[in-house]
Undergrad: 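Input: one structure, supplied below.
All values derive from a computational prediction rather than experimental measurement. Residue numbers start at 1 and run along the sequence shown.
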Amino acid sequence: MNFLEREVMMKTLLVLIALAPAAAFAQGFMPRWEMSLSADANSFSDPNGGHNQVSFAVRPGFFPIADLSIEPELFVGTLKGRSPAINLSGNLSYSYGMGKHEFVPFVLAGYGAGNGFPFELPIQKDASYLSAIKFLNLGGGLKIMTLGGRALLRIEYRYQAFTADLLGVKENAYARRLLVGFSVLL
């Protein structure tokens, strides 16, 4: 091998070494945490008049393994003139291709307790302690990668089945919600 061939070989090797980290970063990264904030706003009317409602969900998600996250969630819903309903739940979420694809479909399931329904129901005022209402969370949606894959736009359909046991009276309520929010991957 002459000098020119060795020089070409060395330059080729240096280019490959220089490009290896860029190729690795182009494949995405495996997040350990996902901090999310979602909201929904509704307006509805009943015989007593019209109501406006706002709900917020805050959830830190931890990924113990790729694509599977544990997401404790604080959900606060409020109506004008009422004290807010506070609900805490533990969710398990599966996000297909998290950190690797621009569009990430996900599903979640969880269970929780709270002091009220996060929407208008007559029984809401009677719930005075945090475990008065139990509920089931089921949902799915799409996370859309933005800002180089570190931020996500989150669109989610959520089905919730609430059960209240107040003073021996059982009440059931069901909610179908569309939540819009964002997440940051850490």
Undergrad: Measuring only between side-chain heavy atoms, which start at C-beta, is Arg59 closer than 4.5 Å to Ser38?
TA: yes
Undergrad: Please find the pair of heavy atoms, one from Phe135 and one from Ala113, that lie closest to each other, and give the distance.
TA: CE2-N, 3.5 Å
Undergrad: Does any part of the side chain of Leu179, heavy atoms only, come nearer than 4.5 Å to the side chain of Phe75, both counted from C-beta?
TA: yes
Undergrad: So, using ring-ring contact (aromatic ring centres under 6.0 Å, His included) as the criterion, who are the partners of Phe62 when residues are at least two apart?
TA: Trp33
Undergrad: Which residues pass the salt bridge (charged side-chain N to carboxylate O under 4.0 Å, His left out) test with Asp40, sequence neighbours left out?
TA: Arg177
Undergrad: If you take all heavy atoms of Ile133 and Asn115, which pair is closest and at what distance?
TA: CD1-C, 4.3 Å
Undergrad: Nearest 0.5 angstrom please: Leu152 CG to Ile144 CD1, how far?
TA: 9.5 Å
Undergrad: Run through the side-chain heavy atoms of Ile, Leu, Val, Met, Phe, Trp and Tyr, join any pair under 4.5 Å, and report what else lands in Val54's cluster.
TA: Phe56
Undergrad: For Val76 and Pro84, work out which heavy atoms get closest and say how close.
TA: CG1-CB, 3.9 Å
Undergrad: When you look at OH of Tyr96, are more than 12 heavy atoms from neighbouring residues, nucleotides or ligands closer to it than 6.0 Å?
TA: no
Undergrad: In Å, rounded to the nearest 0.5 Å, how long is the span from CD of Glu71 to CE of Met35?
TA: 10.5 Å
Undergrad: Nearest 0.5 Å, what's the CZ-CG distance between Phe63 and Leu68?
TA: 8.5 Å
Undergrad: Please walk me through it: do Asp67 and Ser95 pass side-chain hydrogen bond (donor to acceptor under 3.5 Å, both in side chains)?
TA: CA-CA 5 Å; Asp67 298 338; Ser95 301; over 6 Å; no
Undergrad: Output, in order, the C-alpha distance, side-chain angles, deciding distance and verdict of side chain to side chain contact (heavy atoms under 4.5 Å, CB included) for Ile155 and Leu178.
TA: CA-CA 7 Å; Ile155 302 168; Leu178 184 61; 4.3 Å; yes
Undergrad: Leu92 and Leu108: side chain to side chain contact (heavy atoms under 4.5 Å, CB included), yes or no, with the steps?
TA: CA-CA 6 Å; Leu92 192 59; Leu108 70 82; over 6 Å; no
Undergrad: Could you check if a side-chain atom of Phe106 sits within less than 4.5 angstrom of a side-chain atom of Glu156, using non-hydrogen atoms only?
TA: yes
Undergrad: Output the distance between atom OG (Ser89) and atom OH (Tyr111), rounded to the nearest 0.5 Å.
TA: 11.0 Å
Undergrad: When rounded to the nearest 0.5 angstrom, what distance separates CG in Asn137 from CG in Asn91?
TA: 5.0 Å
Undergrad: With a 4.5 Å cut-off on side-chain heavy-atom distances among I, L, V, M, F, W and Y, is there a chain of contacts connecting Met98 to Phe103?
TA: no
Undergrad: How long is the span from the OG1 atom in Thr146 to the CD atom in Glu102, to the nearest 0.5 Å?
TA: 9.5 Å
Undergrad: Quick one: closest heavy-atom pair of Val104 and Gly97, and the distance?
TA: CG2-O, 4.0 Å
